[in-house]
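If you're wondering where the values come from, they're calculated on a predicted model, not measured in any experiment.
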Amino acid sequence: MAKAVNDQNFDQEVMQSSTPVVVKFFATECGACKTMAPVFEELAEEMSSCKFAEYNIDNSRESAVQMNVASVPTFVIIKDGHEVGRANGSMSKDNLKKKIEASLG
């Protein structure tokens, strides 16, 4: 299950994590975000090599701005406190999984 993160815990849960983190930046009323929600949850259950986190831009914005998130949904892969990959928009589960795996090497 993905962990909810916000500006208060983003640094600790994401940037300082010893495990790679896939962060989904989303908005509550975003149609593509709703479409990707079950895909993201399925990957969170399947991929034990990384942590999954959700950041709602309706509730927090500072970390999204710092990460240069311009649209939602945006998936940012963080490893050792650095962005190693990014994917935007709606896509199949297989495509998102491949992007995550490619980013983590």
Side-chain angles (χ1 to χ4, degrees):
M1 174 175 248
K3 179 171 181 63
V5 295
N6 55 38
D7 289 335
Q8 286 70 43
N9 66 358
F10 189 84
D11 193 51
Q12 180 183 352
E13 294 290 338
V14 177
M15 302 308 285
Q16 295 177 18
S17 176
S18 58
T19 304
V21 184
V22 181
V23 185
K24 175 181 76 172
F25 290 88
F26 74 100
T28 307
E29 296 302 317
C30 162
C33 299
K34 290 177 184 177
T35 300
M36 291 303 295
V39 169
F40 192 74
E41 284 301 323
E42 286 176 27
L43 289 175
E45 296 295 323
E46 292 175 17
M47 300 182 74
S48 59
S49 61
C50 51
K51 190 162 89 171
F52 285 73
E54 298 179 310
Y55 181 100
N56 187 338
I57 66 162
D58 293 332
N59 302 329
S60 294
R61 297 232 175 194
E62 187 177 316
S63 298
V65 170
Q66 288 175 351
M67 296 300 300
N68 295 314
V69 172
S71 64
V72 289
T74 294
F75 304 91
V76 180
I77 301 101
I78 306 289
K79 184 176 180 182
D80 299 323
H82 300 286
E83 180 178 334
V84 295
R86 180 178 291 236
N88 296 309
S90 242
M91 66 194 76
S92 71
K93 178 180 163 184
D94 285 341
N95 281 351
L96 181 55
K97 186 174 184 176
K98 286 177 187 172
K99 287 179 184 284
I100 294 167
E101 289 173 339
S103 297
L104 297 175

### Task
Find out if a path of hydrophobic residues (ILVMFWY) with successive side-chain heavy-atom gaps under 4.5 Å connects Met91 to Val76.
no

In terms of heavy-atom contacts, Ser103 and Gly85 come closest through OG-CA, 3.3 Å

For Phe10, the ring-ring contact (aromatic ring centres under 6.0 Å, His included) test, sequence neighbours excluded, returns Tyr55

Scanning both residues in full, the closest heavy-atom pair of Lys51 with Ser17 reads NZ-OG, 3.8 Å

Applying side-chain hydrogen bond (donor to acceptor under 3.5 Å, both in side chains) to Glu42 and not counting sequence neighbours gives Lys93

Is Val69 reachable from Val5 through a run of I, L, V, M, F, W or Y residues, each pair having side-chain heavy atoms under 4.5 Å apart?
yes

Here the salt bridge (Lys or Arg N to Asp or Glu O under 4.0 Å) pairs for residues 95-105, sequence neighbours left out, are Glu46-Lys97

Hits for side-chain contact (heavy atoms from CB on, under 4.5 Å) against Ser49, two or more places apart or cross-chain, chain-then-number order -> none

Across all chains, not counting sequence neighbours, the side-chain hydrogen bond (donor to acceptor under 3.5 Å, both in side chains) partners of Ser63 are Asp7

Here the gap from Leu104 atom CG to Thr19 atom OG1, rounded to the nearest 0.5 Å, amounts to 11.0 Å

Rounded to the nearest 0.5 angstrom, the CE-CZ distance for Met47 and Phe52 is 5.0 Å

Q) Hey, quick one: are Ile78 and Leu43 part of the same hydrophobic cluster, counting side-chain heavy atoms closer than 4.5 Å, chains of contacts allowed? A) no

Would you be so kind as to tabulate the donor-acceptor pairs closer than 3.5 Å made by side chains of residues 22-34, with sequence neighbours excluded?
residue : atom : partner : partner atom : Å
Lys24   : NZ   : Glu54   : OE2          : 2.9
Thr28   : OG1  : Asn56   : ND2          : 3.1
Thr28   : OG1  : Asp58   : OD2          : 2.9

Rounding to 0.5 Å, atoms CZ (Phe40) and OG1 (Thr35) come to a distance of 15.0 Å

If hydrophobic clusters are built by linking Ile, Leu, Val, Met, Phe, Trp and Tyr wherever their side-chain heavy atoms come under 4.5 Å apart, do Met15 and Phe75 end up in the same one? no

One should read off an interatomic distance between Asn6 CG and Glu13 CD, to the nearest 0.5 angstrom, of 9.5 Å

Sorted by chain and number, sequence neighbours left out, side-chain hydrogen bond (donor to acceptor under 3.5 Å, both in side chains) with Asp11 holds for Gln16

If Ile, Leu, Val, Met, Phe, Trp and Tyr residues are connected whenever their side-chain heavy atoms lie under 4.5 Å apart, and connections chain through other members, are Met67 and Met36 in the same group? no

Is there a side-chain contact between Ile57 and Val72 (heavy atoms, below 4.5 Å)? yes

Contacts satisfying side-chain hydrogen bond (donor to acceptor under 3.5 Å, both in side chains) that involve residues 70-87 (not counting sequence neighbours) are Thr74-Asn88, Glu83-Arg86

